[in-house]
There are 2 protein chains.
Amino acid sequence: MRSAEFDRSHVLEQAMHTFMEHGYAKASMQKLTQATGLHPGSIYCAFGSKKGLFIEAVSYYHQQKLLAFEALFSDDQAVLASLKQLLANTVQECVQNTCAKVCLLTRSLNEIEGQDPEIAQLLATNLQQIEHSLGEQIARAQRQGEAISDEAPLALARFITMGIYGMRTYAFTNADQNILEQMSAQLLRAIQKH
Amino acid sequence: MRSAEFDRSHVLEQAMHTFMEHGYAKASMQKLTQATGLHPGSIYCAFGSKKGLFIEAVSYYHQQKLLAFEALFSDDQAVLASLKQLLANTVQECVQNTCAKVCLLTRSLNEIEGQDPEIAQLLATNLQQIEHSLGEQIARAQRQGEAISDEAPLALARFITMGIYGMRTYAFTNADQNILEQMSAQLLRAIQKH
DNA sequence: GATATACTTGAATGTTCATTCAAGAGTCCT
DNA sequence: AGGACTCTTGAATGAACATTCAAGTATATC
């Protein structure tokens with residue numbers, strides 16, 4: 001017996017960054033071996049293929065985003081306040097000049113369209129999971145009597161989700177913090193009671 | 001002398017479809033020669049490179065979208081009605097099962113990020129031009145006293161633009177016509193006077 | 001119809017890519 | 001300490017890629 005020498009989390013973290021920076025197609029195995037410090041053989045032994053590594057990197061990214069989401073929407077805080085913070089965090093990501101500016105899920109979904117249904121399905125499922133969690137939080141806000149529209153919680157969650165996707169693409173054309181903050185405010189206003 | 005044997009518009013139309021279907025990276029020269037009927041040498045003679053062909057195909061796409069936009073927002077119609085139609089058309093595109101479901105500009109913008117600043121700039125400029133035209137129309141709506149918010153026209157145009165980007169990415173996770181129509185309605189409501 | 005001037009053709013080029021594998025090295029159990 | 005097992009290494013492989021170019025072909029002018 002002999003245990004693997006590398007730290008799987010660390011490798012996935014680096015691979016994730018590489019995919020975020022270059023996209024799926026342009027993240028060559030050469031870039032991935034450099035970023036992870038692993039040799040090709042080790043990657044293929046541990047993950048089967050470039051696609052396998054990508055799938056695990058995506059899952060790793062998704063896991064991180066889910067944890068951040070749950071931390072943000074802790075039970076002892078107004079949902080609308082958490083939502084506002086979620087949008088503020090998204091804006092902060094978008095105006096970064098690092099690979100942190102992209103959402104691995106939405107970017108890859110755009111890239112992969114029409115190419116690999118299995119990856120597309122994984123990305124869609126992950127995104128829908130966050131959308132669903134958001135729906136639960138919005139339902140809670142309504143129960144708690146927060147100043148939020150009484151439309152179906154899922155419809156409101158979809159709207160905010162769509163808004164975040166839109167802001168991310170918009171930021172590629174114009175990463176202006178003021179503009180993105182204004183959009184966030186418009187999105188929030190649209191789901192508030194008036 | 002001898003004139004070129006192929007119809008440039010027809011070639012660009014086919015190349016555009018190929019890029020819409022496969023994305024930039026995965027639209028190989030082989031696929032492009034098959035789709036256009038041109039031999040590699042002819043493409044390089046007429047467009048210089050794959051990137052040159054892509055840039056012209058993007059411009060061709062943009063031109064088409066601009067014409068469609070101007071036709072939709074003819075002066076003798078309420079702006080809000082045209083806007084509603086614009087969103088309805090977008091939904092129709094998104095639920096298609098052909099390459100017509102993608103916006104070449106937004107899809108490529110997501111794919112190209114961090115790879116080619118020249119292409120990114122072209123895509124951003126094209127998208128901003130449509131956003132700007134939309135702003136002018138919204139300003140006209142305000143002057144004509146339509147039931148539209150009195151926020152800055154550009155801010156409203158940005159919001160709708162962002163919404164369309166968002167719907168396009170959202171449709172990749174769930175191309176449900178009812179849901180997309182509901183989002184359109186939410187977007188419209190958000191910029192109306194109340 | 002001869003000649004010059006293009007455009008067309010598609011095989012060849014060299015690069016880059018994902019992937020494999022046999023040799024080497026480390027670890028554990030007896 | 002020896003042997004068995006597994007992980008690591010990185011050069012080798014073959015496919016796919018964008019691009020080139022010399023030969024071939026059509027057109028126009030004189």
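The chains referred to below are lettered A, B, ... by the order of the sequence lines, with proteins before strands, and numbering in each begins at 1. Because only heavy atoms are used, hydrogens play no part in the values below, and waters and symmetry mates are left out as well, while side chains stay in.
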Nearest atoms (heavy-atom pairs only) where B/F69 meets B/S133 =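 Between these two residues, the closest heavy atoms are CE2-CB, 3.5 Å.
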
Between [atom2] on [N] and [atom1] on [X], what's the gap in Å once rounded to a whole number?
| X | N | atom1 | atom2 | value |
| --- | --- | --- | --- | --- |
| A/L32 | C/dT19 | CG | P | 11 Å |
| A/F47 | C/dT20 | CZ | C1' | 18 Å |
| A/K50 | D/dA15 | NZ | P | 19 Å |
| A/K31 | C/dT19 | NZ | P | 16 Å |
| A/H22 | C/dT16 | NE2 | P | 15 Å |
| A/Q34 | D/dG10 | CD | P | 14 Å |
| A/I43 | D/dC7 | CD1 | P | 16 Å |
| A/K26 | C/dA18 | NZ | P | 11 Å |

A/G41 vs A/Y24, nearer the 5' end of DNA chain C by closest nucleotide =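 The residue closer to the strand's 5' end, by nearest nucleotide, is A/Y24.
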
When all nucleic acid strands are considered with a 4.0 Å heavy-atom cut-off, which category describes A/A27: base, sugar-phosphate, or nothing?
->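 Sugar-phosphate contact only - A/A27 comes under 4.0 Å of backbone atoms but never of a base.
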
What is the ring orientation for B/F19 with B/F54, classed by angle as parallel under 30°, tilted 30 to 60°, or perpendicular over 60°?
->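 B/F19 vs B/F54 ring planes: perpendicular.
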
Pairing of B/K31 and B/E21 as salt bridge, 4.0 angstrom limit |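 Salt bridge between B/K31 and B/E21, a charged N being under 4.0 Å from a carboxylate O: no.
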
Give the nucleotide from the list [options] with an atom nearest to the side chain of [X].
| X | options | result |
| --- | --- | --- |
| A/P40 | D/dA18, C/dT19, C/dA18 | C/dT19 |
| A/Q30 | C/dC17, D/dT9, C/dT19 | C/dC17 |
| A/M29 | D/dT20, C/dA18, D/dA18 | C/dA18 |
| B/S42 | D/dT9, D/dT19, C/dT8 | C/dT8 |

Kindly say if B/Y44 contacts the phosphate of D/dT20, meaning a side-chain N or O under 4.0 Å from OP1 or OP2.
->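 For D/dT20, OP1/OP2 do not have a side-chain N/O of B/Y44 under 4.0 Å.
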
Would you say B/H39 reaches C/dG10's phosphate, i.e. side-chain N/O to OP1/OP2 under 4.0 Å?
->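 So the side chain of B/H39 is within the cut-off, an N or O lying under 4.0 Å from OP1 or OP2 of C/dG10.
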
Taking the side chain as every heavy atom from C-beta outward, state whether A/I130 and A/T161 have any atom pair closer than 4.5 Å.
->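 No. Closest side-chain heavy atoms not under 4.5 Å.
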
With a cut-off of under 6.0 Å to the ring centre and 45° to the axis, is A/K26 in cation-pi contact with B/Y24?
->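 Verdict for B/Y24: no cation-pi partner in A/K26.
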
